[in-house]
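These numbers were taken from a predicted model, which means no experiment stands behind them. Throughout, residue positions are numbered sequentially from 1 according to the sequence presented. The figures here come from the full heavy-atom set of this structure, side chains too, leaving out hydrogens, waters and symmetry mates. Counting convention: from 1, in listed order, for ligands and their atoms alike.
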Amino acid sequence: MTIRNLQQVIPSVPTSDGAGVKLRRSLGSQRGLYVDPFLMLDEFSTDNPDDYIAGFPAHPHRGFETVTYMLDGHLLHEDHLGNRGDLKSGGAQWMTAGRGIIHSEMPQQTEGRMRGFQLWVNLPANEKMNPAWYRDIEPHEIPQVTLADGGAAKVIAGTLNVAGVETSGVITGHTTDPLYIDVDLPNGATFTHFIAADYSAFLYLYQGELQVGAPGSARMLKTQSAGVLSAGDQITVTAEGGGARFLLIAGKPIQQPVVQYGPFVMNTREEVEQAVRDYQNGTLTQ
Ligand code: FE
C-alpha cells in the first residue's frame with residue numbers, strides 16, 4: 001500500500017464564462033493544466049445575482065463530457081434537440097457531448113445563492129464522435145454514506161467503499177471509470193480510500209482546511225485549490241480547523257493527445273478545425 005501525497009497544487013483563479021458568469025477555475029485555467037482525463041474544473045459560488053444571472057446562453061461542445069453538480073441554486077438546461085433538465089440543489093447532470101451538442105444553462109432564480117461545480121471529462125478518440133448522451137441525476141439518486149471516522153460522502157460517480165460496504169453512484173461503466181465524491185469531514189476526522197494505482201486523482205477543497213497525505217509527510221491544501229495526488233493506491237486526508245468539504249475525483253487516464261479550442265476538445269488540430277467548420281455549417285451535431 002502506498003499513500004498518495006500532494007504532488008501539485010492548482011489554485012483556482014477568478015474568471016468569467018458564458019454571458020459573464022463569475023467563477024473560479026483550477027484545472028483548465030492555463031493551457032495544458034489538466035489531470036488526464038479531467039480537463040477543467042470550475043467552481044461557482046456567490047450570493048450576488050449579478051455574478052450568475054446572465055447564465056450560459058446557447059453554446060456548443062464536442063469531444064468530451066461535462067458534469068455539473070449543484071450545491072445550491074437552480075439551473076435549467078436546454079439543448080438543440082429539445083431536451084430539458086432542471087438542475088436543483090443537490091442534483092447533478094452528466095452530459096456526454098460526443099459528436100456535438102448545442103445547449104444553454106440558465107439560472108432559474110433572480111436572487112439567492114448559486115453554488116456548484118462543472119467538471120470536464122475527456123473522451124477517448126473512439127468515443128469523441130458518439131451521439132450525445134445525458135443523465136440527469138436527481139438529489140435523491142445521489143447516495144449519501146456515513147464515513148467511518150465521522151462525516152459523510154455523496155457519491156456522484158464510481159464506487160465508495162466504507163468498511164467493506166460498497167456504494168455506487170448512478171454513473172458507472174464509462175471508459176474513464178470516474179470516481180466523483182463530495183466529502184464533508186468534521187474537524188479531526190480522517191478519510192482514507194483505495195484508488196487504483198494507475199488512475200489519476202485530485203481533490204478540490206471548497207471549504208475548510210485539509211491535510212493531505214501520509215502522517216508525517218502530509219501537506220495542507222489551500223481552500224479553493226485543486227490538489228493533484230502523486231502515484232499510490234490510497235488516499236488519506238484529515239480535516240482541520242472547522243472541518244473540510246472537498247471533492248475527490250479520480251479516473252483512468254486516456255493518454256492521447258489533447259487539442260482544445262474553446263468548447264471543442266479533440267486529438268488533432270485538423271479535428272478541431274473540422275469541429276469549428278461543422279459548427280459554422282450547422283452540422284456539428286449531425
Ligand atoms: Fe455547456
Side-chain angles (χ1 to χ4, degrees), residues 12 14-29 31 33-34 37-46 51-89 91-109 114-123 127-137 156-157 171 174 176 178 180 204 247 249 258-266 271-272 275-276 278-280 282-286:
S12 66
T15 185
S16 72
D17 210 336
V21 177
K22 291 201 177 132
L23 46 84
R24 297 189 69 94
R25 182 163 295 163
S26 48
L27 276 67
S29 57
R31 187 169 288 271
L33 195 59
Y34 60 90
F38 306 106
L39 300 165
M40 193 183 87
L41 180 67
D42 286 345
E43 174 188 11
F44 42 96
S45 178
T46 178
D51 291 344
Y52 59 74
I53 203 75
F56 301 88
H59 61 276
H61 294 285
R62 174 180 280 181
F64 61 101
E65 306 185 274
T66 66
V67 184
T68 310
Y69 172 47
M70 299 292 287
L71 297 176
D72 300 289
H74 182 186
L75 276 175
L76 173 67
H77 164 268
E78 290 181 286
D79 76 6
H80 69 292
L81 300 168
N83 295 309
R84 285 167 64 96
D86 275 306
L87 261 162
K88 290 185 178 161
S89 300
Q93 181 204 56
W94 201 285
M95 183 188 87
T96 304
R99 175 186 175 93
I101 199 79
I102 298 169
H103 73 165
S104 62
E105 299 151 287
M106 298 302 289
Q108 300 300 297
Q109 62 193 62
M114 176 78 76
R115 193 181 192 199
F117 306 93
Q118 188 170 84
L119 175 74
W120 287 14
V121 188
N122 204 4
L123 287 169
E127 296 178 21
K128 283 183 179 292
M129 297 299 274
N130 282 357
W133 178 88
Y134 290 99
R135 181 64 162 86
D136 288 316
I137 308 170
I156 293 113
I171 301 295
H174 288 219
T176 50
Y180 187 145
Y204 185 81
L247 308 178
I249 295 171
V258 174
V259 180
Q260 177 175 1
Y261 178 71
F264 309 121
V265 183
M266 305 301 289
E271 289 167 347
V272 166
V276 173
D278 287 351
Y279 181 49
Q280 287 167 346
T283 57
L284 183 81
T285 64
Q286 294 165 16

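Partner of Thr66 under the side-chain contact (heavy atoms from CB on, under 4.5 Å) criterion, chosen from His77, Met40, His61: His61. Residue Tyr52 is tested with Lys22, Gln109, Arg115 for a side-chain contact (heavy atoms from CB on, under 4.5 Å); the sole match is Gln109.
Looking at His59, its N, O or S atom nearest to the Fe ion (ligand 1) turns out to be NE2. When the N, O or S atoms of Glu105 are ranked by distance to the Fe ion (ligand 1), OE1 comes first. Nearest to the Fe ion (ligand 1), among the N, O or S atoms that His61 has, is NE2.
One distance of note links NE2 of His74 with CE of Met114; it measures 9.0 Å at 0.5 Å rounding.
Between Tyr261 and Phe264, the two ring planes are parallel [angle under 30°; tilted spans 30° to 60°].
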